[in-house]
J.: 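Pasting in a structure now, in structure tokens, and then I'll have a few things to ask.
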2 protein chains.
Amino acid sequence: MGSKNSTAAKRADALRSIDAIVQAAGECLGRSPEASLSEIARAAGVGRVTLYAHFNSRAEVVDAAMSRAVDRGNEALDAVDLTGDPLLALARYIEAGWQLVNQARALLAAAQRELSAGRIRDLHAGPAARVETLVARGRAEGVFRTDLSIAWLVNILHTVMHSAAEEIRAGRLTPNHAADHITATVLAAFTPPGKPVPQTSGEA
Amino acid sequence: MGSKNSTAAKRADALRSIDAIVQAAGECLGRSPEASLSEIARAAGVGRVTLYAHFNSRAEVVDAAMSRAVDRGNEALDAVDLTGDPLLALARYIEAGWQLVNQARALLAAAQRELSAGRIRDLHAGPAARVETLVARGRAEGVFRTDLSIAWLVNILHTVMHSAAEEIRAGRLTPNHAADHITATVLAAFTPPGKPVPQTSGEA
DNA sequence: TATAACATGAACACCACTGTATGACTTAGT
DNA sequence: ACTAAGTCATACAGTGGTGTTCATGTTATA
């Protein structure tokens with residue numbers, strides 16, 4: 001559904017172009033959701049007509065870029081160990097994926113105007129489940145608060161990650177400290193009322 | 001700088017139109033930053049040409065809508081008591097302004113593409129200072145954490161407010177519980193490491 | 001009621017983006 | 001080396017937004 005062909009085998013040449021286009025689309029749409037196809041084609045080092053030779057519409061380009069981002073995200077996050085202490089697991093998740101999640105969110109803005117709601121749900125099913133089970137486990141173990149819904153906590157995690165990326169873009173935060181800031185903030189936000197918030201980096 | 005005239009006194013008729021346009025612009029741009037002037041004029045119950053009779057460009061409309069939103073925000077927030085216990089003060093601030101801040105942020109997206117960076121800084125100077133001093137006072141009193149910068153904490157506050165509004169739009173949160181969720185989350189995130197997170201609503 | 005201000009629809013030129021078509025050129029695969 | 005596949009520049013039609021002009025009505029206000 002991403003590319004144009006049905007059964008014909010593509011030439012190595014064409015595959016290279018397609019890959020460049022999808023990659024450029026991910027970058028351009030990640031920066032600005034209303035990037036034009038001309039802009040994407042130019043960033044891919046390819047003619048605009050060539051883009052239309054492989055994708056029937058703008059929606060197909062967005063879909064391909066979004067799918068690729070989700071795939072790469074899943075791939076990267078599969079390498080993260082989410083077992084053991086939920087606090088440490090969450091810290092590992094944040095460390096591995098905070099800038100990844102941000103780009104996915106920027107792409108999402110483009111996808112939400114170009115793709116159907118069902119398609120977006122499908123693309124999000126996998127990644128969302130991973131964090132949800134981690135949060136659920138943390139709640140079951142008494143480490144994360146239960147007075148707020150799982151959906152809200154997951155939303156907070158993603159929101160803080162995203163905002164950190166924007167703070168960096170605005171020059172108010174350095175990339176080195178981003179993960180620390182996110183972790184410190186989210187772990188505190190997840191702490192059950194009455195319990196002390198965990199120390200994240202330097203312990204006394 | 002907002003409207004078109006210089007010295008001529010406007011008719012009551014015209015003032016009514018201008019007000020309707022600015023109000024409609026606030027609503028339309030609050031929903032979608034790329035709302036067209038045709039759309040805004042229609043929402044204002046006014047002809048498109050009439051809009052151009054009062055505003056020279058799209059930027060002027062955006063500026064007027066943004067200025068109005070900031071003014072109304074300042075007005076509403078001036079009524080909030082930010083003295084006393086910083087925790088309670090922050091809770092009052094959230095209660096009063098969370099949906100307000102969200103609309104301002106949605107407008108901000110439109111403003112950032114149409115207005116100069118300097119103009120945006122000017123518009124934000126007032127509102128930002130208010131929260132910053134509150135956060136600074138909370139830190140000085142040992143209630144808020146000092147291991148994260150003031151700018152980051154303020155950013156977290158606004159980000160969580162904004163995300164709550166989006167959760168409501170997505171149907172995952174009811175407006176009644178929004179302020180509670182935001183307060184519970186932000187107060188926990190602001191708590192210094194090692195200290196217990198405060199109970200917000202029901203105490204055991 | 002006179003008149004200047006205002007509102008309005010229709011029409012215009014301009015621009016950027018989308019999507020398609022054509023024809024010449026280059027490259028991959030056998 | 002031959003051919004099908006791919007690339008690309010140019011050009012085209014269609015769409016939708018921005019600003020402007022104009023001629024005709026409508027309304028506030030003195």
Side-chain angles (χ1 to χ4, degrees), chain A residues 1-25 27-29 31-65 109-115, chain B residues 1-25 27-29 31-65 109-115:
Chain A
M1 260 144 201
S3 312
K4 203 173 187 176
N5 73 328
S6 42
T7 53
K10 301 226 157 188
R11 240 168 59 176
D13 194 355
L15 295 176
R16 213 177 330 126
S17 284
I18 292 176
D19 201 63
I21 292 170
V22 175
Q23 182 176 342
E27 291 166 8
C28 292
L29 294 173
R31 269 184 261 114
S32 152
E34 61 252 23
S36 71
L37 293 188
S38 314
E39 197 176 334
I40 292 172
R42 204 182 324 119
V46 114
R48 195 175 69 94
V49 186
T50 301
L51 190 153
Y52 277 103
H54 297 298
F55 299 93
N56 287 314
S57 72
R58 174 174 235 277
E60 280 192 5
V61 179
V62 174
D63 191 300
Q112 273 166 341
R113 299 187 305 188
E114 237 86 35
L115 271 44
Chain B
M1 263 146 200
S3 313
K4 201 173 188 176
N5 73 327
S6 44
T7 53
K10 301 225 156 188
R11 240 169 58 175
D13 195 355
L15 294 177
R16 213 176 330 126
S17 283
I18 292 175
D19 200 65
I21 290 170
V22 176
Q23 182 176 343
E27 292 167 7
C28 292
L29 295 173
R31 268 185 262 114
S32 154
E34 61 252 22
S36 70
L37 294 187
S38 314
E39 197 176 333
I40 292 171
R42 204 182 322 121
V46 114
R48 194 175 71 95
V49 188
T50 301
L51 190 154
Y52 276 103
H54 297 298
F55 299 92
N56 286 315
S57 71
R58 173 175 236 276
E60 281 193 4
V61 178
V62 174
D63 191 301
Q112 272 166 342
R113 300 188 302 188
E114 237 86 35
L115 271 45

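Sequence lines set the chain letters: A, B, ... in the order given, protein chains first and strands last, and positions in each chain run from 1.
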J.: Can you check the B:Phe55 CZ to D:dT20 P distance for me, whole Å?
T.: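 Going from CZ in B:Phe55 over to P in D:dT20 covers 14 Å.
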J.: For DNA chain C, whose closest nucleotide is more 5', that of B:Gly45 or that of A:Ser57?
T.: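 Looking at the nearest nucleotide for each, B:Gly45 comes out on the 5' side.
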J.: Between A:Arg48 and B:Arg48, name the one whose nearest nucleotide on DNA chain D is closer to the 5' end.
T.: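 Its nucleotide being nearer the 5' end, the pick is A:Arg48.
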J.: So, does B:Thr50 get its side chain near the phosphate of C:dT8, meaning an N or O under 4.0 Å from OP1 or OP2?
T.: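 Looking at the OP1 and OP2 atoms of C:dT8, one of them is under 4.0 Å from a side-chain N or O of B:Thr50.
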J.: Give the rounded distance in Å between these two atoms: CZ of B:Arg113 and P of D:dT18.
T.: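 One finds 11 Å between P of D:dT18 and CZ of B:Arg113, rounded.
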J.: Out of D:dG6, C:dC17, D:dT29, which nucleotide sits closest to the side chain of B:Ala12?
T.: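 For B:Ala12, the side-chain atoms sit closest to D:dT29.
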J.: Salt-bridge test for B:Glu34 and A:Arg113: reply yes if a basic N is under 4.0 Å from a carboxylate O, no otherwise.
T.: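 Answer for the salt bridge query: yes.
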J.: Rounded to the nearest angstrom, tell me the gap between atom CZ in B:Arg42 and atom C1' in D:dG17.
T.: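 Spelled out: CZ on B:Arg42 to C1' on D:dG17 is 12 Å.
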J.: Run through B:Val46, B:Val22, B:Leu29 and flag the one making a side-chain contact (heavy atoms from CB on, under 4.5 Å) with B:Ile40.
T.: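 Answer to the side-chain contact (heavy atoms from CB on, under 4.5 Å) test with B:Ile40 among B:Val46, B:Val22, B:Leu29: B:Leu29.
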J.: Check whether any side-chain N or O of B:His54 sits under 4.0 Å from OP1 or OP2 of C:dA7, and answer yes or no.
T.: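 Yes, within the criterion.
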J.: Rounded to whole angstrom units, what separation is found between the CD atom of B:Glu114 and the P atom of D:dG17?
T.: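 To the nearest whole Å, that distance equals 14 Å.
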J.: Any side-chain N or O of B:Arg58 less than 4.0 Å from the OP1 or OP2 oxygen of D:dT18?
T.: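 For D:dT18, OP1 or OP2 has a side-chain N or O of B:Arg58 closer than 4.0 Å.
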J.: Mind calculating the distance between CG (A:Leu51) and P (C:dC17) to the nearest angstrom?
T.: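 One finds 14 Å between P of C:dC17 and CG of A:Leu51, rounded.
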J.: Between D:dT29 and B:Arg11, counting only base atoms on the nucleotide and side-chain atoms on the residue, is there a donor-acceptor pair under 3.5 Å?
T.: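 Per atom types, no contact qualifies.
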J.: It should be established whether A:Arg16 places a side-chain nitrogen or oxygen under 4.0 Å from OP1 or OP2 of nucleotide D:dG6.
T.: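 Checking D:dG6 against A:Arg16, no side-chain N or O comes under 4.0 Å of OP1 or OP2.
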J.: Is the distance from OP1 or OP2 of D:dT7 to the nearest side-chain N or O of A:Ser17 less than 4.0 Å?
T.: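 A:Ser17 to D:dT7 OP1/OP2: side-chain N or O found under 4.0 Å.
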J.: Can you tell me which nucleotide in D:dA9, C:dT8, D:dG17 comes closest to the side chain of A:Val49?
T.: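 Of D:dA9, C:dT8, D:dG17, D:dA9 is nearest to the side chain of A:Val49.
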J.: With a 4.0 Å cutoff (strictly under), does any side-chain N or O of B:Tyr52 reach OP1 or OP2 of D:dT20?
T.: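 No, outside the criterion.
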J.: Any chance you could measure B:Arg16, atom CZ, to B:Asp13, atom CG, to the nearest 0.5 Å?
T.: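 Atom-to-atom, B:Arg16:CZ and B:Asp13:CG are 5.0 Å apart.
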J.: Give a yes or no answer on whether the side chain of B:Glu60 reaches the backbone of B:Asn56 with a donor-acceptor pair at less than 3.5 Å.
T.: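 Yes: the side chain of B:Glu60 pairs with the backbone of B:Asn56.
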J.: Going from SG on B:Cys28 to CD1 on B:Ile21, what distance comes out if it is rounded to the nearest 0.5 angstrom?
T.: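 So the SG of B:Cys28 and the CD1 of B:Ile21 are separated by 11.5 Å.
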J.: Starting at CD1 of A:Ile40 and ending at P of C:dA16, how long is that distance when rounded to a whole Å?
T.: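 Rounded to whole Å, this separation is 18 Å.
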J.: What is the distance from CG of B:Leu15 to C1' of D:dT27, rounded to the nearest Å?
T.: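 So the CG-C1' distance, B:Leu15 to D:dT27, works out to 14 Å.
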J.: Write down the distance between NZ (B:Lys10) and C1' (D:dA30), rounded to a whole number of angstrom.
T.: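 Atom NZ in B:Lys10 sits about 20 Å away from atom C1' in D:dA30.
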J.: What nucleotide, of C:dT18, C:dA7, C:dA21, holds the atom closest to the side chain of B:Asp13?
T.: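 Looking only at heavy atoms from C-beta outward on B:Asp13, the closest nucleotide is C:dA7.
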